[in-house]
Amino acid sequence: MNTLYEILEVSENASKEVIEKAYRVLAKKYHPDLQTPENKQMAEAKMKQINEAYDILSDELKRKEYDEKLKAEKEAQNKAKEREFYQEENFSNANSNIAQSGASEQAERRVKDMQRRRYEQEMRKHQEQMKKQMEEEMRQQYENAYYNYLRSLGYKIKEKWTWQKTKKLCIILLVIIVIVIGLWFLPVTHNMMVSFYENNRIVKIIVDIVVGIGVAFVKTLQSMFGG
């Protein structure tokens with residue numbers, strides 16, 4: 001069963017503002033009036049869950065009581081899993097003792113303890129990885145939904161400039177430069193490019209600036225390494 005935080009697609013540490021924004025996005029996404037007839041019933045049920053979750057998480061007292069209840073449920077689940085694990089371990093130990101009656105009980109206990117600790121470490125690592133992955137996916141989904149909601153209201157969203165976009169831009173520019181250089185030295189297209197260059201003032205200015213920068217860069221390298 002999903003928690004109220006999972007229903008609103010936010011983390012358990014989300015602020016009141018984040019919860020409110022998430023509610024607005026989901027309310028718009030699952031509003032029954034905006035759905036097709038076959039999805040309307042599903043959207044109504046989803047909106048009921050969203051409204052109930054928001055009613056509790058937007059109220060500080062209700063949210064505090066819910067967090068305490070959720071914490072208690074998680075602790076109970078963890079204890080149940082621990083009991084189940086130890087029961088399976090004890091059963092495995094009993095079978096092992098029967099099959100290997102001559103083995104040392106103390107040595108076997110040490111082996112089992114090592115296995116248990118290794119298992120617990122692996123489980124913790126796996127849980128941490130899953131938690132980080134889920135938080136990142138939820139953050140990305142919320143961010144995309146929020147930006148789409150703002151765009152639907154007419155706002156212009158300025159996307160973040162990342163290193164990946166910079167690399168893609170450099171690759172595109174490099175490819176364009178290689179193509180232009182290739183066309184320049186091809187006899188078939190050389191005259192055409194010369195005519196285009198001479199008859200377009202803007203293109204001529206841009207090309208002269210780029211060539212000037214390139215020549216200055218080459219001279220700088222020659223003075224640094226040749227002088």
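With values rounded to the nearest 0.5 angstrom, K46 atom NZ is found 16.0 Å from H31 atom NE2. Separation of atoms CG (D67) and CD1 (I56) is listed at 10.5 Å; rounding is to 0.5 Å. Expressed to the nearest 0.5 Å, how far CG of N78 lies from CD of E75 amounts to 7.5 Å. Considering CG of L4 and CD1 of I19, their distance stands at 10.0 Å, rounded to 0.5 Å. Rounded to the nearest 0.5 Å, atoms NZ (K21) and CZ (R24) are 8.5 Å apart. One distance of note links CG of L8 with OG1 of T3; it measures 9.0 Å at 0.5 Å rounding.
In the hydrophobic clustering of this structure, L57 does not group with L61; members are Ile, Leu, Val, Met, Phe, Trp, Tyr whose side-chain heavy atoms approach within less than 4.5 Å, directly or through other members. V178 and L186 are not part of a single hydrophobic cluster, where members link through side-chain heavy atoms under 4.5 Å apart. Neither I179 nor V210 shares a network with the other; the hydrophobic side chains, linked directly or stepwise wherever heavy atoms of I, L, V, M, F, W or Y lie under 4.5 Å apart, form separate groups for each. Under the 4.5 Å side-chain heavy-atom criterion for ILVMFWY residues, no single connected hydrophobic cluster contains both M47 and M42. Hydrophobic clustering (ILVMFWY, side-chain heavy atoms < 4.5 Å, transitive): I50 and L34 are in distinct clusters.
Just one of K74, K131, K71 meets the salt bridge (Lys or Arg N to Asp or Glu O under 4.0 Å) condition when paired with E12; it is K74.
Considering only heavy atoms from C-beta on, R63 stays 4.5 Å or farther from D59 through its side chain. Looking at R201 and I205, their side chains come closer than 4.5 Å, going by heavy atoms from C-beta outward. Using a 4.5 Å heavy-atom threshold, the side chains of E9 and L26 count as touching. In this structure, R118 and E122 have side chains that are in contact, with non-hydrogen atoms separated by less than 4.5 Å. Contact of the N39 side chain with the T36 side chain is registered, since non-hydrogen atoms from C-beta on lie closer than 4.5 Å. At least one side-chain heavy atom of E20 sits under 4.5 Å from a side-chain heavy atom of Y54.
Ring-plane geometry between Y66 and Y5 is classed as tilted, the angle between the planes lying from 30 to 60 degrees on a 0 to 90 degree scale.
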Worksheet item: Going through the distances and angles, do Q129 and K132 end up as a side chain to side chain contact (heavy atoms under 4.5 Å, CB included)?
Response: CA-CA 5 Å; Q129 292 175 353; K132 291 180 180 178; 5.9 Å; no
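The heavy-atom pair separating A22 from V10 by the smallest distance is CB-CG1, 3.5 Å. Heavy atoms only, all atoms of each residue included: D55 and K62 are closest at OD2-NZ, 3.2 Å. The minimum heavy-atom distance between A43 and Q35, with the atom names listed, is CB-CG, 3.4 Å.
A salt bridge is absent between K125 and E120: the closest approach of a Lys/Arg side-chain nitrogen to an acidic carboxylate oxygen does not fall below 4.0 angstrom.
Residue-environment remark: CD (E68) exceeds the threshold of 12 foreign heavy atoms within 6.0 Å. Around the CD atom of E73, the shell of radius 6.0 Å holds more than 12 heavy atoms that belong to other residues, nucleotides or ligands. Within a 6.0 Å radius of CD1 in I202, other residues, nucleotides and ligands contribute 12 heavy atoms or fewer.
With S195 contributing its side chain and M192 its backbone, the two residues share no donor-acceptor pair below 3.5 Å.
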